[in-house]
A.B. asks: 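My questions all concern the structure below.
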Amino acid sequence: MKKIKLGLILLAFVSMTGIANAGGVGYIDYAKVIDNFDYAKRVTKEVDAKGLEMQQYLVDKEKEYKSLDTPLKKQTFEQKTAQEFKAKEEAYVALRTKREQEVYTKIKEAAKSVMVEQKLDAIMDQRGVFVGGLDITDMVISKLKGVK
């Protein structure tokens, strides 16, 4: 009988300790955060505008190319245009990467802040959570908007 009581006491102690140490896992819907984050919207517009600018550049160059009359002029034009476009493309990719990283960093910092406030152990993307966890999407959006 004493062993059963000791076992129950030990079991109760272990279960209480586990509950006290378990912070849990939070998850966010990254796409929803992006859709509700004004800075991300501005960045997307900026990057899209740069992409449209590159498309317009190609349209303009195509018109110029059609107006050239000799094969030598066309070949020189193609080489020059290819070099210019490559430089524009590299600048576009660098801009897009930089801006996406800025958005990701801001979201990550907001998620870390919510993680600390909610005493969670980790934050995951919602696609990685099948069952359970705490949806902190709206909390992260509020942090990004400056609402506490």
A.B. asks: Apply the hydrophobic cluster definition, ILVMFWY joined by side-chain contacts under 4.5 Å directly or through others, and give me every member besides L72.
C.D. replies: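 None; L72 is a cluster of one.
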
A.B. asks: List for me each residue that meets salt bridge (Lys or Arg N to Asp or Glu O under 4.0 Å) alongside K50, sequence neighbours excluded, and say none if there are none.
C.D. replies: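 Result, salt bridge (Lys or Arg N to Asp or Glu O under 4.0 Å) vs K50: E53.
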
A.B. asks: I'd like to know if K32 pairs up with D138 as an ion pair, taking the criterion as any Lys NZ or Arg NE/NH1/NH2 lying under 4.0 Å from an Asp or Glu carboxylate oxygen.
C.D. replies: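 Salt bridge present between K32 and D138.
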
A.B. asks: Salt bridge (Lys or Arg N to Asp or Glu O under 4.0 Å) with E64: which residues, sequence neighbours excluded?
C.D. replies: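 Here the qualifying residues are K61.
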
A.B. asks: Which heavy atom of A110 sits nearest to which heavy atom of K143, and what is that distance?
C.D. replies: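 Looking at all heavy atoms of both residues, the shortest contact is CB-CB, 3.8 Å.
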
A.B. asks: Charged N to carboxylate O under 4.0 angstrom, E109 versus K106?
C.D. replies: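 No, E109 and K106 are not salt-bridged.
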
A.B. asks: Other hydrophobic cluster members with V129, side-chain heavy atoms of Ile/Leu/Val/Met/Phe/Trp/Tyr under 4.5 Å, chained?
C.D. replies: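 Direct or chained contacts put V129 with V25, Y27, M124.
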
A.B. asks: Identify the two heavy atoms, one from T137 and one from D29, that lie closest to each other, and give their separation to 0.1 Å.
C.D. replies: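 Smallest heavy-atom distance, with atoms named: OG1-N, 2.8 Å.
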
A.B. asks: Quick one: side chains of residues 81-96, donor-acceptor pairs under 3.5 Å with protein atoms, not counting sequence neighbours, listed by atom name and distance.
C.D. replies:
{"residue": "T81", "atom": "OG1", "partner": "F77", "partner atom": "O", "Å": "2.8"}
{"residue": "E84", "atom": "OE1", "partner": "Y57", "partner atom": "OH", "Å": "2.5"}

A.B. asks: Could you tell me whether the side chain of L120 reaches within less than 4.5 Å of the side chain of I136, counting heavy atoms only?
C.D. replies: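 Heavy-atom side-chain distance check passes, below 4.5 Å.
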
A.B. asks: Measure the CG-CD1 distance between L134 and I123 for me, rounded to the nearest 0.5 Å.
C.D. replies: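 Those atoms lie 7.5 Å apart.
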
A.B. asks: Closer than 4.0 angstrom, basic N to acidic O: yes or no for K73 and D69?
C.D. replies: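 Yes, this pair counts.
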
A.B. asks: Can you list everything that forms a salt bridge (Lys or Arg N to Asp or Glu O under 4.0 Å) with K45? Sequence neighbours excluded, please.
C.D. replies: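 So K45 forms no salt bridge (Lys or Arg N to Asp or Glu O under 4.0 Å) with any residue.
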
A.B. asks: How about V59 and K63: do any of their side-chain heavy atoms sit closer than 4.5 Å?
C.D. replies: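 In short, these two side chains touch, coming nearer than 4.5 Å.
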
